[in-house]
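First up is the structure itself, then whatever we jot down about it.
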Amino acid sequence: MKSKYDVLVIGGGPAGALAAKTAVEKGLSACIVEKRPAIGAPVRCAEGIGQEALHEFIEPDPRWISAEMTGAGIVAPDGFFMKLESEFAGSKVGYVLDRKFFDRELVWKAAQAGADVAVKSRASAPIMENGVVKGAKIEYCGKVTSVRAEVVIAADGVESKFSKWCGIDTTVPAREIMSSVQYVMADIDIDEHSTVFYLGNDVAPEGYLWIFPKGKRTAGKKSGDGHRAKDYLDKFVKKTFPHGKTIEYIPGGVSVCRPLACTVADGLMITGDAARVVDPLTGGGIYNAMFTGRLAAQVAAECIGKGDVSKKALMKYDKEWRASKMGKAIERNYHIKEYLIKQPDAKLNEIIHSVSKLNLKEFSTLTLIKEIIRVNPKLVLELGALAASLR
Ligand SMILES: Cc1cc2nc3c(=O)[nH]c(=O)nc-3n(C[C@H](O)[C@H](O)[C@H](O)COP(=O)(O)OP(=O)(O)OC[C@H]3O[C@@H](n4cnc5c(N)ncnc54)[C@H](O)[C@@H]3O)c2cc1C
């Protein structure tokens, strides 16, 4: 690790890896500092991603694809099963990744492109001069060094502290942090190419429970209501997979709030979970992390080239991601999430039953939302202008 870079990236997850890779590809010097001793471990993720979303950044590789999904199912609170088949999706549904290897591959690609990487290296404080972020103090094996940078990209995930230290309010309202628990299980009978989502107040109040295939007869599951996710999950597992064996326990927090009010400051850009750009409806954030990481580095390169890394100049990044398909989806899905978490089971049953009668030609969250709105006219009144804009 050198003492000065054009771009210093805090965090070696998908956001940080894409930021560093893009920065060096743009001719900048960049370094990723990752506090954990190994990139990608421990995993705090169910590892699902849409096929098209993944292809935007990297070609799939069997070394880090655990399962390919060709269908999905939703189980309503009354037990009704709605199947979404691949025929509606032109075989493009999704992958379950193996993030231990996927995250490493992303960082490896950044390193191959020329980025420096330092593991077991924790950013412990920003270097600030006249209110401008100029780098970070990095702790490695008890030693603290100063690393200066033209731009610091905070990609330090849901637990993000760096931006707060720089004076930005990153607080997530307590009710908007989903506490999640996931088991990787072996020796269970599931469809190896289909994800299943369970809804309902008995299963996962204000959240959902999922089964993701992870290869032959293994699956990840998650449940959450902000309080006792593990109890709900244990109850489900006892009933559904009484003989299954849990081989991994994965707790984690997912923010389902709106993104930060502003994701830049003088000399600082905030990306991925640190910027709270997780999809509030699904809790998915891998794509959004890669998208914001790449965009941040592209804008950083432009601004460094022009010799202006002020908040005003870096705002281009903030404006662009908000105006993107991803930014608009976050805003829309926030409203949908707020609506759905307040619905009693009877309403959720009604919505799922009605959607199941449709011949969905395209498989996506947006399609589902549009159909939900179409078949539930009252929703238009409840969601107001947002619903009207989607019709
Ligand atoms: C249980 C669970 C299930 C999920 N399932 C899915 C899913 O199926 N699909 C999906 O798309 N998303 C899912 N997510 C969300 C997804 O994991 C995140 O959105 C994604 O990892 C965000 O990437 P990131 O790069 O922003 O942050 P992260 O992947 O969290 O990476 C941040 C990195 O920064 C490091 N770091 C933190 N602080 C410092 C510091 N001070 N100095 C140096 N390094 C630091 C951390 O160690 C970490 O490696 C899930 C999350 C949870 C908790």
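Worth saying up front: this structure is predicted, and the values here are computed from it rather than measured. Note that the numbering runs from 1 along the sequence shown for the chain. Because only heavy atoms are used, hydrogens play no part in the values below, and waters and symmetry mates are left out as well, while side chains stay in.
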Side-chain donor-acceptor pairs of residues 298-306 under 3.5 Å, sequence neighbours excluded:
residue, atom, partner, partner atom, Å
Glu302, OE1, Lys316, NZ, 2.8
Glu302, OE2, Lys316, NZ, 3.1

Point to revise | Glu34 side-chain N/O to Ile39 backbone N/O, donor-acceptor pair under 3.5 Å | key: no
Exercise for review: State whether the side chain of Ser194 and the backbone N or O of Gly71 hold a donor-acceptor pair below 3.5 Å, judged by distance alone.
Suggested key: yes
Review point. Is it true that a side-chain atom of Ser121 and a backbone atom of Val119 form a donor plus acceptor pair closer than 3.5 Å?
Key: yes
Review point. Is the shortest distance from a Lys or Arg side-chain nitrogen in Glu338 or Arg175 to a carboxylate oxygen in the other one below 4.0 Å?
Key: yes
Point to revise | NZ/NE/NH1/NH2 to OD/OE distance under 4.0 Å, Glu159 and Lys35 | key: yes
Check your understanding: Is any side-chain heavy atom of Tyr317 less than 4.5 Å from a side-chain heavy atom of Thr263?
Key -> yes
**Study point:** Lys/Arg-Asp/Glu bridge criterion (N-O < 4.0 Å) met for Lys337, Glu176
**Key:** yes
Revision key, fill the gap. Residue set satisfying side-chain hydrogen bond (donor to acceptor under 3.5 Å, both in side chains) with Glu129, at least two apart, ordered chain then number -> Arg148
Check your understanding: Does Lys238 come within less than 4.0 Å of Asp234, counting only side-chain N to carboxylate O?
Key -> no
Review point. Should we say atom CH2 of Trp165 is surrounded by more than 12 heavy atoms from elsewhere, each under 6.0 Å from it?
Key: yes
Review point. So does Arg294 pair up with Glu56, basic N to acidic O under 4.0 Å?
Key: yes
